[in-house]
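Below is one structure, written out as structure tokens, with a few remarks after it.
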Amino acid sequence: MNIASVIVDVPAKQTDRAFDYLIPEKWLGVVQPGMRVVVPFGPRKVQGFVIAIKSESEFAKLKQILSILDISPVLNKELLDIGFWLTETTLCYAISAFQAMLPTAMKVKYEKDIILSDDHSVTDLHGELQSWFKDTRIVSWGDIEKSDLVKHIQKGIHNGILEVVYRVKDRARKKVIRQIEPALSPVDMQVFLEKLTIQANKQKEVLNYMIENPQKVAVKQLLENISANDSSIKSLVDKGVLKETKLEVYRDPFEDKTFKQTSALKLTEEQTAAITPILKSVNALHHDVFLMYGVTGSGKTEVYMQAIDSVLKQGREGIVLVPEISLTPQMVNRFKGRFGSQVAVLHSGLSTGEKYDEWRKIHRKEVRLVVGARSAIFAPFENLGIIIIDEEHETSYKQEDNPRYHARDVAIQRGKFHKCPIVLGSATPTLESFARASKKVYKLLTLKKRMNDRDLPKVEVIDMREELRNGNRSMFSALLFEKIQEKLDKREQSVLFLNKRGYSSFVMCRDCGYVMNCPHCDISLTYHRSNQRLKCHYCGYEEHLPSVCPECNSDYIRFFGTGTQKVEEELAKIFPEARVIRMDVDTTSRKGAHEKLLTEFGEGRADILLGTQMIAKGLDFPNVTLVGVLTADTMLHLPDFRASEKTFQLLTQVSGRAGRHELPGEVVIQTYTPEHYSVTLASKHDFDHFYLDEMRVRKAHAYPPFYFLTLVTVSHPELTKVVAITEKITAHLRNQLSASAIILGPVASPIPRINDRYRYQCMVKYKLEPNLTSILKKIVERYQQDISKNQLTLSIDLNPYMLM
Ligand code: ADP
Ligand code: ZN
Ligand code: ZN
């Protein structure tokens, strides 16, 4: 057994298979499947994953493995298999699948040290190792790796005598805090300040602060105290007025805030009815998929936690997936409060290093529960007892680049392997899941009652066309205005929600109707008020806001549409006394900003929380009694067959934010299409009815869940090429698939050009096509040459969620 099959880190069709390498004698028995190694590949040295160990190869002259990167496998057998399953079901390269399962930090070079554990002495070590640890407790892996002692080290680690610690090699990755301090005396700073021009008012603000507080201060802290930005600080540093220093701090993954310990609540009858079948399959080691359909506030999370508790008590492990945006501190605290240090948290707010630290806690079995966003589904547990996917309808569970996997599918695959239940929870399940539950493929669990026995909030739908007819041109209807005022008077809080998606603030000439478009992509440019620039959200192209229309020279060229900033300004005008917190991509881009703003609102330091999608879910503030939706229907007009479903889900979720505690809640939805069933049914909280209506529409148009979909998108810089290739692919599919498959296309994609590349698509709707993936694979092979030359891209999405 001296040959390793290795998948090399060269993502291309030609290299998408295993290559055989010889294992050097000293590493025999050490190298195992799931470890990363470095191997020669042509003239290069590349990383790779060992997928198997064998004794024979069909190739005669094998090269040797050059070094090993892991002391124990980073992917276990199950995850290796999941990787291969992903290549089959999403048509990705094996290397892409493996990499998607590991934290990004593993692509960074780490230095390893081997440490003799505190409670062991050098005599506990294997004889040959003792000389290495005679005078030290730390030996660098780089030094010892080339010796033939690796197997003894592996054993020492296994027995707890040795430990591995990782150091980041790249110094820049260490966490540093930028600090500044005066480089001049306060008097000299004052002199400098007086010489600054009027335009430099931001720099003046910085200086004034430093004159009053002439000590060392962290840049971050300074920026929180003043309105100036980093560039003003930098220019003062450049001018020699301030001095910048860097303080190195270490990440401390074990620094746990103290969480208030909670214990299991006595379950209600409904909750008991829901948890019983889950526990039954946990105990019977039985794989089932449960759909827990329960309105917001019906106690789903409590059921999850008690089911997890019983899994952990059996010594098994659990995964809880939560959409990235609902992974709020509130949510994390609930799990930490119940399960304490047994929990690891994986979300994008963590730095690369922190994510890696959390992953290692799982890998080293220091935790048994992970709460995280999509990729946490690959947590390297070996004894899973339950997987929970909260808000299962969220589209963020689908990864939009390779591998294009859906976390729900991965969960089910893992559940089959571990013989454990999967629980999908939602107040507004996807049509796909609810249909499966209706057909008894999934087991339906229903929670109908809200915990506080409160009715769901009363929802008023306002026809904005009517408002306009009555002479109200503002973005607030008379009723919403009145309600906000009322809440301000009562010192209660309001949440205002602006549905931004598909409704960017574009710039249009009011005289001739000319719209400013990106010269490279066929979409309108988005106006950014803060720097008066127009930006393309697909390719990043930017330009200045023109003062006159490029088409007709009129100076009546204005931006159109409502952004959160605009609403904020409007609020300041009509409710000057209101304290407003705005949450959108602009105000939350800095790390921790999201958390900070929510804490502020939770502590009652503002009256109104104004935001986009990111405030739609997960928030739970007792003093919020009004939710206003400024524009309910902006998403309805997107070219996406799920538009109604998404609108319904969003409106239902948003409405659920009001009246979650003692105070009753009210909701006002403003819309231009009050008659649309997704609006009327959301206002009545009527999922069941919505499901039936929407199923009828899907059936009529042959969409999921009645048909499966596959979307092939072709792009190329030349329009004629794109059309020709898409035509060929479409014809080929028509030829090869069964007569019952519906093949649409070729047609231009809803966004027909991005970054100077034309986009065409072909959509396949089908019920059963066992050969579909192999046909698609052949198509990709057929165009391989054009793809490697970087001219053509062929993207194949089996079960697409993004149809643009
Ligand atoms: P969901 O996840 O369905 O939105 P939660 O689990 O958050 O619902 O429950 C809503 C509220 O009810 C929470 O404050 C929770 O602590 C409380 N709660 C849940 N189950 C119980 C119970 N059995 N007894 C008392 N309170 C409960
Ligand atoms: Zn014009
Ligand atoms: Zn562009």
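We count ligands from 1, going down the list as the structure has it; atoms in each ligand are counted the same way.
Counting heavy atoms from C-beta on, the side chains of Asp607 and Val580 never come closer than 4.5 Å. Using a 4.5 Å heavy-atom threshold, the side chains of Glu400 and Arg404 count as touching. The shortest side-chain heavy-atom distance between Val668 and Val627 does not fall under the 4.5 Å cut-off. Between Phe378 and Leu86, some side-chain heavy-atom pair lies under the 4.5 Å cut-off.
Of all atoms in ligand 1, listed by their number and element, those nearer than 4.0 Å to a heavy atom of Glu302 are 6 (O), 19 (C), 20 (N). Listed by atom number, the atoms of ligand 1 under 4.0 Å from Lys266 heavy atoms are 22 (C), 23 (N), 24 (N). Applying the 4.0 Å criterion to heavy atoms of Val295 picks out, from ligand 1, the atoms 3 (O).
Residue contact check for ligand 1: Gly297 places a non-hydrogen atom closer than 4.0 Å to it. In this structure, Arg334 counts as a contact residue of ligand 1, since one of its heavy atoms falls inside 4.0 Å of the ligand.
Note: Tyr293 and Phe434 meet the aromatic proximity criterion, with ring centroids under 6.0 Å apart. Aromatic ring centres of Tyr405 and Tyr397 lie farther apart than the 6.0 Å criterion allows. In summary, the aromatic rings of Tyr677 and His689 are positioned with their centroids too far apart to meet the 6.0 Å limit.
Looking at Thr296 next to ligand 1, no N or O pair under 3.5 Å apart turns up. Geometrically, ligand 1 and Gly299 share a nitrogen or oxygen pair separated by less than 3.5 Å.
Only the side chain of Gln271 comes within 4.0 Å of ligand 1, counting heavy atoms alone; its backbone N, CA, C and O stay farther away.
The heavy atom nearest to atom 6 (O) of ligand 1, out of those in Asp390, Leu267, Val303, Thr301, is found in Thr301.
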